[in-house]
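Heads up, the thing below is written out as structure tokens.
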Amino acid sequence: MSTPSLLILPGDGIGPEVMAEVRKVIDWFGAKRGASFDVSEDLVGGAAYDAHGTPLHDDTMAHAQEVDAVLLGAVGGPKYDDLDFSVKPERGLLRLRKEMDLFANLRPAQCFDALADFSSLKKDIVAGLDVVIVRELTSGVYFGEPRGIFEEGNERVGINTQRYTESEIDRIARAAFELARKRGNKVCSMEKANVMESGILWREVTQRIHDADYADVELSHMYADNGAMQLVRAPKQFDVILTDNLFGDILSDCAAMLTGSLGMLPSASLGAPMANGRPRALYEPVHGSAPDIAGQGKANPIACILSFAMALRYSFDMGEDATRVETAVEKVLADGMRTSDLLGAEGGKASSTTEMGDAIIAALDASL
Ligand code: NAD
């Protein structure tokens, strides 16, 4: 099999800083595990606008369609705030997601024991938490027609339409079941079938796909409002949560905050399989370009490093190596290492971005 290819798009602000630490991890795999990647690097966001007058050059877009996985840092920053909407840095990211047809957004919420005190919930409720939200990303109420603000009699009416086809539900449900098989083998599907027809169809199709092709996976259904409550009450009951675009937007932010800092949260957006069987894939930290700390060596590189771990697991079938990276992160945190975002009220000495990256490499070395 040919060397797996990876396109790196560091972007703006802290993007290049955290990506430099990911490069160390990628190089480590080549040197110490004999797992090399064909890595290319390009511009996105404000950096691409500065160079080409567009937040994503057509050549970069074409290359993103050819590689096995794309890893992105972050885009945006105050320098670009006044640009026309059509060339804003975020448009580069949106174009990637749209043209690669990345319909499945995976957001893990994993609580490392050493950071359990960071959560707004009690330690015993979140310690050891490991759930993934699978959110449908390209349809639903954010895209459905009709939409707009219309005149109706002597007042205006704002309209958005929740719309899901069977095939859209089918493909996202399959993504969730496939993911569950690589994890705890449990899917909880969340909608509001009690009050929404799209929810009734969602539930029917999900159950049908399950019974036909994934009967080995445990499936349950829950109303999304109850799901929000359960996420805060007892989040460890969940393994994979499957949900639509709108509920997923809200539930994934809720789940993210169970774990503490933005600097810790990775994500993956997956599309249909390519000719080689790998899904089209974009991996990126949840955080933005953090202009308030950019260029100061303060950024936490863990979210981006964990995004690469997701690439190992979901694009390259290297689940054991993904776990190796996650365990190295866990060890470094257990040893007390903290970037400034992880210091909390009691303070202490903050490690720099590069010190955190180097410590993770040392922990990877120790894992051999
Ligand atoms: P942000 O995520 O960049 O920052 C929010 C806060 O979290 C800041 O105080 C920041 O210092 C901190 N933070 C974020 N990541 C961190 C890390 N890795 N280590 C330590 N601290 C970290 O969100 P924002 O301030 O709302 O947005 C800043 C810019 O980023 C804007 O231009 C916005 O449009 C853009 N943005 C981009 C993305 C993306 O590229 N996917 C996502 C969100 C925001």
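Whatever order the structure lists ligands and atoms in, that order sets their numbers, starting from 1.
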Say whether [X] and [Y], considering side chains only, have a donor N or O and an acceptor N or O under 3.5 Å apart.
X      : Y      : answer
Tyr164 : Glu136 : yes
Asp42  : Thr60  : yes
Glu284 : Ser307 : no

What part of Ile14, side chain from CB on, backbone N/CA/C/O, both or neither, has a heavy atom under 4.0 Å from ligand 1?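 For Ile14, only side-chain atoms sit under 4.0 Å from ligand 1.
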Note the single closest protein heavy atom to [atom], along with its residue, its atom name and the distance in Å.
atom                    : answer
atom 32 (O) of ligand 1 : Gly77 N, 3.1 Å
atom 29 (C) of ligand 1 : Ser289 OG, 3.3 Å
atom 34 (O) of ligand 1 : Glu90 OE2, 2.6 Å
atom 14 (C) of ligand 1 : His287 CB, 3.7 Å
atom 28 (C) of ligand 1 : Pro291 CD, 3.4 Å
atom 37 (C) of ligand 1 : Val75 O, 3.1 Å
atom 17 (C) of ligand 1 : Asn300 N, 3.7 Å
atom 9 (O) of ligand 1  : Asp292 OD2, 2.8 Å

Pairwise distance [atom1]([X]) to [atom2]([Y]) - rounded to 0.5 angstrom:
X      : Y      : atom1 : atom2 : result
Leu364 : Lys331 : CG    : NZ    : 11.0 Å
Ser139 : Leu246 : OG    : CG    : 12.0 Å
Glu17  : Asn300 : CD    : CG    : 12.0 Å
Leu312 : Phe308 : CG    : CZ    : 4.0 Å

Should Val25 and Leu333 be counted in the same cluster of Ile, Leu, Val, Met, Phe, Trp and Tyr side chains packed under 4.5 Å apart?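 In one cluster: yes.
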Nitrogen or oxygen of Val286 less than 3.5 angstrom from that of ligand 1: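 There is no such contact.
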Distance filter under 4.0 Å to [X] heavy atoms, resulting ligand 1 atoms:
X      : answer
Glu284 : 41 (N)
Ala290 : 3 (O), 10 (C), 11 (O), 14 (C)
Gly263 : 17 (C), 18 (N)
Gly76  : 32 (O)
Ala299 : 19 (N)
Ala74  : 40 (O)

Should one rank [options] by closest heavy-atom distance to [atom], which comes out on top?
atom                    : options                      : answer
atom 5 (C) of ligand 1  : Val18, Asp81, Leu262         : Leu262
atom 22 (C) of ligand 1 : Leu265, Ile293, Leu72, Leu94 : Ile293
atom 43 (C) of ligand 1 : Gly13, Gly288, Pro285        : Gly288

Nearest protein heavy atom to atom 25 (O) of ligand 1: under 4.0 Å?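 No, there is no protein heavy atom closer to it than 4.0 Å.
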Flag: protein heavy atom within less than 4.0 Å of atom 1 (P) of ligand 1: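 Under 4.0 Å from atom 1 (P) of ligand 1, at least one protein heavy atom found.
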Distance under 6.0 Å and angle within 45° of the ring axis: does Arg171 meet both against Phe103? yes
Can you confirm whether or not the ring centre of Phe316 sits under 6.0 Å from the ring centre of Phe37?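 So the answer is yes for these two rings.
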Without swapping roles, check the side chain of His52 against the backbone of Thr54 for a donor-acceptor pair under 3.5 Å.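 No; zero donor-acceptor contacts below 3.5 Å.
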Do the rings of Phe177 and Tyr214 sit parallel, tilted or perpendicular, given the 30° and 60° boundaries?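 Ring orientation, 0 to 90° scale: parallel.
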Between Glu166 and Arg208, is there a salt bridge with N-O shorter than 4.0 Å?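 Salt bridge present between Arg208 and Glu166.
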